[in-house]
2 protein chains.
Amino acid sequence: MVTLAEVAQHAGVSASTVSYVLSGKRSISASTRQRVERSIRELGYHPNAGARALAGGRSNIIALMIPLRTDMYVPVMMEIAIAVATTARTHGYDVLLLTGEEGPDAVRRVTGSGLADAMILMDVQLDDERLPLLRETRRPSVLIGLPADTAGLTCVDLDWGAAGALCVEHLALLGHRDIAFIGEAPAVYERHTGFAERTLDGLRARARELGLRVLHRPCEAGYDALAVTVARIFDERPGTTGFVVQNESAVEPLLALLRQQGRAVPEDVSVLAVCPEQVAAQASVRLTSVAVPAQEMGRSAVELLAAKLDGRGGQEVALIAPELTVRASTGPAPAAP
Amino acid sequence: MVTLAEVAQHAGVSASTVSYVLSGKRSISASTRQRVERSIRELGYHPNAGARALAGGRSNIIALMIPLRTDMYVPVMMEIAIAVATTARTHGYDVLLLTGEEGPDAVRRVTGSGLADAMILMDVQLDDERLPLLRETRRPSVLIGLPADTAGLTCVDLDWGAAGALCVEHLALLGHRDIAFIGEAPAVYERHTGFAERTLDGLRARARELGLRVLHRPCEAGYDALAVTVARIFDERPGTTGFVVQNESAVEPLLALLRQQGRAVPEDVSVLAVCPEQVAAQASVRLTSVAVPAQEMGRSAVELLAAKLDGRGGQEVALIAPELTVRASTGPAPAAP
DNA sequence: TTGAAAGCGCTAACAT
DNA sequence: ATGTTAGCGCTTTCAA
């Protein structure tokens, strides 16, 4: 293993000079710099991470806590994780992957041991048990998702409330009066996951303002659960002409079911999804959708964190404005029979 | 920040005693141990990761390289990543998440800096450019996926060849003679991804032995691509009665399309998927499938690695035997018209 | 512009 | 069964 001392000797300079060439924290003459860089290359030197962390007081590692459950939006989580990892690298950080399994202890362990300089939390509950710890520690953190109380926290999220409202507005404009909202699995609501509740609230509020009727139905993954849900919806509100879906695993089954029932999309029924662009574009019917900007969320979480680690920027809540893309799954409400 | 020295002082023992209580590497009297443990608890001590890594020569971190692309099997990757992270914790390791982006450089950086003690690589190409580096370094590694030449490497993978063969056997037994294999996107084959090619090879070989005819068609994600692919298949082989699908994003579109064309599953056409159990069980038709054991792959990769790190076990190739579960999507071939 | 040297907090010989 | 101590490889004052 090549050490900094060996590089220094090889280049005929002191250890500190090599260190400063690496960190750029003091000016180095061009010639020295070149000699040092040459030695580094020739010897194949890589600074020891542990020693760096110990001496420098920072590990250059960001911890990312992902949910253990996979009952929702797996591709979204994955996209966020990848965006976090790649963005972190561009800022000189590596990413430590933590699953929710350890719960709050993971926060203690990671901050306490100096394993990571900062953390990003996903799958934030409205009343998340990790929040007190985050507020206590002086290690920077960013939440992807909004808890109920954001005081003293930095958060990034899609403005789900606005997203819900946007869906209603679009359908209202097309003349729909009775709409159904097919949501995530019941468990997601039961554990008070922010995005699910906020979407629902935003959607309901706007619907009330615009005078639309809304039926909200959480829905488990899979075709059968969806079929039962839809049957109940048409049973209770036969006049339903618009569907808003926020449940990736329900999208394709819904389209299949409607097709099977002879309900044309969008002539008889409009379908609007809250999902990643990819899903909307690849569905069997091009879906009008409000995009879940997974990459942007991951990227900007890292950027906020990097800013905090550099002493720039303080806490703030960064809400991403939802965007609705009209595709082929929504159209004017059919004339009442 | 609480240090080991402070704990030692608080407990009235030497630093080394605290260290040994923590590591269990030498016997400690019950009373001292208790005093030390109490001090640790009271002071809220967490060993500094950097100092540990420096002094101990090991970081207790495993690096996991996941593919940057998301053109296939995202849920599988996610499941593997989660399994790796949770299993690693049970062995006392944390997981560093690397994306394929840096390529071979990531291997150099991580092994060179001592950031991680070992690594797990996913998305292995048959002729992967990272392999030479892995063979050079003395840091343990495990591949999830099989390259062409496994000499000197430790690998975990589903026996995809056997999986392909199993699919053919099942269909052959049901009397199918003409089958179509809808595979991953063309790019996946073009970059010689092991699992895709091996499945195809296994499937073709067994088909030849059993006298079945096979049409292999790679397929991009999305409904339209699938529709075109299926149209071509029935065009070239109108007598096709069995489909094998190894492309998660093609499963539901295929079922929808067949339904739409009035081809009943399994009465007119049988469909067999190579996919995670969850996908098979939740599809609009319960799919007969060969499972992709994502969790098991992640778990056993970590276990092989832990064994190597403990000095136990050497290189080996651990192939997981495929299992076929019969559900509702396959049945006897229809009598020829 | 560069060097010397004092730690950072822990582990693991080496003592006792 | 426990204490003493010399590093691990780097960063960063303090000096020149």
Side-chain angles (χ1 to χ4, degrees), chain A residues 1-37 39-40 43-61 92 94 109-117 309, chain B residues 1-37 39-40 43-61 92 94 109-117 309:
Chain A
M1 197 211 163
V2 187
T3 70
L4 184 150
E6 296 175 293
V7 174
Q9 188 172 16
H10 185 272
V13 298
S14 73
S16 62
T17 298
V18 177
S19 177
Y20 284 119
V21 166
L22 251 24
S23 70
K25 286 187 181 169
R26 80 178 178 193
S27 46
I28 302 282
S29 73
S31 72
T32 324
R33 153 167 289 115
Q34 284 174 356
R35 252 179 318 131
V36 170
E37 281 168 350
S39 298
I40 288 178
L43 300 179
Y45 169 71
H46 286 274
N48 180 282
R52 261 199 161 160
L54 179 56
R58 48 196 318 232
S59 64
N60 289 305
I61 288 178
D94 272 292
R109 191 169 62 82
V110 165
T111 62
S113 67
L115 224 191
D117 299 331
L309 286 164
Chain B
M1 198 213 160
V2 188
T3 68
L4 184 150
E6 296 175 289
V7 174
Q9 189 171 18
H10 185 273
V13 298
S14 73
S16 63
T17 297
V18 177
S19 177
Y20 285 118
V21 165
L22 251 25
S23 69
K25 288 188 181 170
R26 81 180 179 192
S27 46
I28 304 281
S29 73
S31 71
T32 350
R33 151 166 292 116
Q34 284 174 356
R35 253 180 317 130
V36 170
E37 280 167 351
S39 298
I40 288 177
L43 299 178
Y45 168 71
H46 286 275
N48 180 281
R52 264 201 157 157
L54 179 56
R58 44 193 322 222
S59 64
N60 288 305
I61 289 178
D94 272 293
R109 191 170 62 84
V110 166
T111 60
S113 66
L115 225 191
D117 298 332
L309 285 164

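Proteins come first, then strands; the chains are lettered A, B, ... in the order of their sequence lines, and each starts at number 1. Being a predicted model, the structure only gives us computed values, none of them experimental.
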Examine [N]: is either OP1 or OP2 under 4.0 Å from a nitrogen or oxygen in the side chain of [X]? Give yes or no.
X: A:R52; N: D:dT11; result: yes
X: B:S14; N: D:dG3; result: yes
X: A:T17; N: C:dG3; result: yes
X: B:K25; N: C:dA12; result: yes
X: B:Y20; N: C:dC10; result: no
X: A:S19; N: D:dC10; result: no
X: A:S16; N: D:dT12; result: no

- [ ] Find which nucleotide of DNA chain D each of B:R33 and A:N48 is nearest to by heavy atoms, and output the residue with the more 5' nucleotide.
- [x] B:R33

Is there a donor-acceptor pair under 3.5 Å between the side chain of [X] and the backbone N or O of [Y]?
X: B:D117; Y: B:N60; result: yes
X: B:S19; Y: B:A15; result: no
X: A:S59; Y: A:L115; result: yes

Task: hbond_proxy A:R26 side chain to C:dT1 base (donor-acceptor, 3.5 Å cutoff) - done: no

Check the distance between [N]'s [atom2] and [X]'s [atom1] and give it to me in whole angstrom.
X: B:N60; N: C:dT11; atom1: CG; atom2: C1'; value: 12 Å
X: B:L4; N: C:dA12; atom1: CG; atom2: P; value: 12 Å
X: B:Q9; N: D:dG3; atom1: CD; atom2: P; value: 13 Å
X: B:L22; N: C:dG9; atom1: CG; atom2: P; value: 16 Å
X: A:L54; N: C:dG7; atom1: CG; atom2: C1'; value: 9 Å
X: A:L115; N: C:dC10; atom1: CG; atom2: P; value: 13 Å
X: B:I28; N: D:dT2; atom1: CD1; atom2: C1'; value: 7 Å
X: B:R58; N: C:dT11; atom1: CZ; atom2: P; value: 11 Å

Task: From A:L4 atom CG to A:I40 atom CD1, the distance as rounded to the nearest 0.5 Å - done: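 It comes to 8.0 Å.
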
Open item on the list: So A:T32, base contact, sugar-phosphate only, or nothing? Heavy-atom distance under 4.0 Å.
Closed with: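 If one applies the 4.0 Å heavy-atom cut-off, A:T32 turns out to touch the sugar-phosphate alone, with no base involved.
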
- [ ] Quick one: label A:S29 by what it contacts on the DNA or RNA (base, sugar-phosphate, nothing), any heavy atom closer than 4.0 Å.
- [x] sugar-phosphate

- [ ] With the side chain of B:Y45 defined as its heavy atoms from C-beta on, choose the nearest nucleotide among D:dC10, C:dC10, C:dG3.
- [x] C:dC10

Open item on the list: Can you confirm whether A:Q9 is buried at CD, in the sense that more than 12 heavy atoms of other residues, nucleotides or ligands lie under 6.0 Å from that atom?
Closed with: no

